[in-house]
Student: 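Structure incoming, see below.
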Number of protein chains: 2
Amino acid sequence: MPVAPPPLTRLPLNALRAFEAAARTGAFTLAAAELGVTPGAVTAHVKALEERLGAALFERQARGVRLTALGLAAVEELTGAFDALAGAEARMRALALPREVHIATLPAIAQLWLSPRLPALRAAAPEISVSITALEAPPNLKRSLHDLSLFPGTSGGRLVAEDALFPVCSPALAARLRQVEDLAGVPCLSDTAWDRDWEVWLAAAGAQVAVRGPVFSLYALAVEEAVNGAGVLIGHGPLVAGHLERGTLVAPFPRRVSLAAGFRLWSARPMQRGGAVERVAEFLAGQAKAA
Amino acid sequence: MPVAPPPLTRLPLNALRAFEAAARTGAFTLAAAELGVTPGAVTAHVKALEERLGAALFERQARGVRLTALGLAAVEELTGAFDALAGAEARMRALALPREVHIATLPAIAQLWLSPRLPALRAAAPEISVSITALEAPPNLKRSLHDLSLFPGTSGGRLVAEDALFPVCSPALAARLRQVEDLAGVPCLSDTAWDRDWEVWLAAAGAQVAVRGPVFSLYALAVEEAVNGAGVLIGHGPLVAGHLERGTLVAPFPRRVSLAAGFRLWSARPMQRGGAVERVAEFLAGQAKAA
DNA sequence: AGGCATGGCTTAACTTTCCTGACCCTAATT
DNA sequence: AATTAGGGTCAGGAAAGTTAAGCCATGCCT
């Protein structure tokens, strides 16, 4: 077996990864956040790579950095290579643990849409182990370890649930609401991540009402509060459907605003026919018809 | 700018590289040698990767390791990804230092063939800086930082010099050699890396002579010793041509054995038209006609 | 067969490298 | 003038890699 001679200095993998992330995101701090390290580490890595090359990859500016021509020329190829590495690891994982499926989704969707459906999924495919990771933003599917990603989006992927906005509240509170203008007199709950919701619905309703009320960072918590009569929540159809069915929440006004961005399911990699990931994806897609 | 969420545990690049090298070479020790680390480090990396995956990548055997099906499935993709990374870095280097050309070759070729031609190369292309690395074995061109590789080979690349075997010695010593059998009475110099040379030449000469003499690990040293009259060296045509021209060495016997493996020039990557690497390659290829 | 050397992986204590955390700096924004 | 956003820097500490010894089948040798 011929042995290739040892490199004088082996390929600085971590430095290349740091540079790639910095170049792709456009900032050291963003790269550091993505990699889960501190900005100082990114600084050091990029500097090491620049010293190794004997040329600058970024122009340092007062605020932020900008890629040099050299840096720009290298990003694309590096991104592809790291995507390939991540893909290789994901495939190894899939082979090692063929019955595990990892889903990334919004905390709200995880708690209010996915969680209620898990018993049926377990019943349909008891041998599959489904892990759910709640993320505030969709992961980079080429890099993350997730198999499926369920996030609001206007295109791509596979539509799993249409989204529509409309106020919901407890039946007791609904009795006090005759017209849209009455909203000004009650707490109007909302979520930090969806801070335009009331605005959008009120515009569609043609109302000039200034709604006010507590803002939650967890939508599920806002839903609970609405159930408890704490106020009127601007509801997302798929996330409050269960409560509407059970009557714990009601929609005081008939107007529903359909959103272009429905809940969509993306697959990180081509799914193996008949594999666990495909079965889970099929189950979730089947929920669109069921609803 | 949307930031992809940080991975729970980022891709273990060094572990993947260690595994890839181990899988490709088939042994941890060979992988360690190629990476320039100790076997213990490879052991640790592979173990870490196996623990991360929750599955074995190698079957440990009394003597050596063997890839599992899982390991086998992953090698090819990883190899490709690391090749791409190395290629990306090499291209960055080429962009950063467009006037530098790195050549890998045998120590003997470096000293006895390449070195004498460097003044002409410098004269022809004064702005190009040529670095030469002497290696006992050809590097993996997809991984190494070299641009060109000049090694004996029977196919591929571009033939730069034909190789032929024949004894050479100082003129004084040659006077004592009438027939091939006289070789038994004088020290017969040889090189450790080319330990079959005498055997090959004697077989072609149809002689049943047992030649004996000092063995050198540096062919250039053996040549010097031959010049100094220390014995008869089994000469490689392109490597002793200079001394033959100057008369400091002579060939006491007319028989020359042409070798199938001539000195061949490989390029690590597609050469840029008109670039420094191409110019150096053209110069070296031109030496074939000149000789 | 018995004995011994060998090749290859592993393990454990030590050392070097890399990352963190807190700070400083600059320029744009309020 | 104060604040904010983004990079750079430095001392201290965690996680690499190294060195050296250990282990265990194989295979050679007498």
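Proteins come first, then strands; the chains are lettered A, B, ... in the order of their sequence lines, and each starts at number 1.
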Student: Tell me whether the OP1 or OP2 atom of D:dG17 has a side-chain N or O from B:H45 closer than 4.0 Å.
Tutor: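 For D:dG17, OP1 or OP2 has a side-chain N or O of B:H45 closer than 4.0 Å.
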
Student: Can you check the A:L49 CG to C:dC18 P distance for me, whole Å?
Tutor: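 A:L49 atom CG is separated from C:dC18 atom P by 13 Å.
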
Student: For residues A:W194 and A:V215, determine if any side-chain heavy atom of one lies less than 4.5 Å from a side-chain heavy atom of the other.
Tutor: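 No, every pair of side-chain atoms sits at 4.5 Å or beyond.
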
Student: Taking CG from A:L35 and P from C:dT20, how many angstroms apart are they, rounded to a whole number?
Tutor: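 Those two atoms, CG and P, are 10 Å apart.
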
Student: Check step by step if side-chain contact (heavy atoms from CB on, under 4.5 Å) holds for A:L11 and A:L16.
Tutor: CA-CA 8 Å; A:L11 202 61; A:L16 287 171; 3.9 Å; yes

Student: Taking CG from B:L13 and C1' from D:dA15, how many angstroms apart are they, rounded to a whole number?
Tutor: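 So the two atoms are 15 Å apart, to the nearest Å.
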
Student: Find out whether B:L202 and B:L183 are in side-chain contact, i.e. whether some heavy atom of one side chain is under 4.5 Å from a heavy atom of the other.
Tutor: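 B:L202 vs B:L183: side chains touch.
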
Student: How close or far is atom C1' of C:dT17 from atom CZ of A:R52, stated in whole angstroms?
Tutor: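 In whole Å, C:dT17 C1' lies 16 Å from A:R52 CZ.
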
Student: Quick one: does A:L85's side chain get under 4.5 Å of B:L85's, heavy atoms only?
Tutor: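 They are in contact (side-chain heavy atoms under 4.5 Å apart), so the answer is yes.
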
Student: Looking only at the side chain of A:T43 (C-beta and beyond, no hydrogens), which of the listed nucleotides D:dT18, C:dT10, D:dG8 gets closest?
Tutor: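 Nearest to the side chain of A:T43 among the choices is D:dG8.
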
Student: Please classify the nucleic acid contact of A:V42 as base, sugar-phosphate, or nothing, using heavy-atom distances under 4.0 Å.
Tutor: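 A:V42: no heavy atom of the nucleic acid under 4.0 Å.
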
Student: C:dC9 P sits how many Å from B:F19 CZ, rounded?
Tutor: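 After rounding, the gap between these two atoms is 14 Å.
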
Student: Nearest to the side chain of B:V37, heavy atoms from C-beta on, is which of D:dT18, C:dT20, D:dG8?
Tutor: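 Minimum distance to the B:V37 side chain belongs to D:dT18.
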
Student: Quick one: which of D:dG7, C:dC9, C:dC19 gets closest to the side chain of A:A27?
Tutor: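 Looking only at side-chain atoms, A:A27 lies closest to D:dG7.
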
Student: Does A:K47 put a side-chain nitrogen or oxygen below 4.0 Å from OP1 or OP2 of D:dG7?
Tutor: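 Checking D:dG7 against A:K47, no side-chain N or O comes under 4.0 Å of OP1 or OP2.
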
Student: Expressed as a whole number of angstroms, how long is the span from A:E59:CD to D:dG8:P?
Tutor: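 Taking CD of A:E59 and P of D:dG8, I get 13 Å after rounding.
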
Student: Just how far, in rounded Å, is P of C:dC18 from CG of A:N14?
Tutor: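 So the two atoms are 9 Å apart, to the nearest Å.
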
Student: If the test is salt bridge (charged side-chain N to carboxylate O under 4.0 Å, His left out), which one of A:R24, A:R269, A:R143 qualifies with A:D83?
Tutor: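 Per the salt bridge (charged side-chain N to carboxylate O under 4.0 Å, His left out) rule, the option paired with A:D83 is A:R143, out of A:R24, A:R269, A:R143.
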
Student: Please determine whether a side-chain nitrogen or oxygen atom of B:T29 lies at a distance below 4.0 Å from atom OP1 or OP2 of C:dG7.
Tutor: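 No, B:T29 has no side-chain N/O under 4.0 Å of OP1/OP2 on C:dG7.
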
Student: If you only use heavy atoms from C-beta on, which nucleotide in C:dT20, D:dG8, D:dT19 is closest to the side chain of B:T38?
Tutor: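 Nearest to the side-chain atoms of B:T38, counting from C-beta on, is D:dT19.
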
Student: Rounded to whole angstroms, how far apart are CZ on B:R60 and C1' on D:dG22?
Tutor: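 Rounding to the nearest Å, CZ of B:R60 and C1' of D:dG22 are 17 Å apart.
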
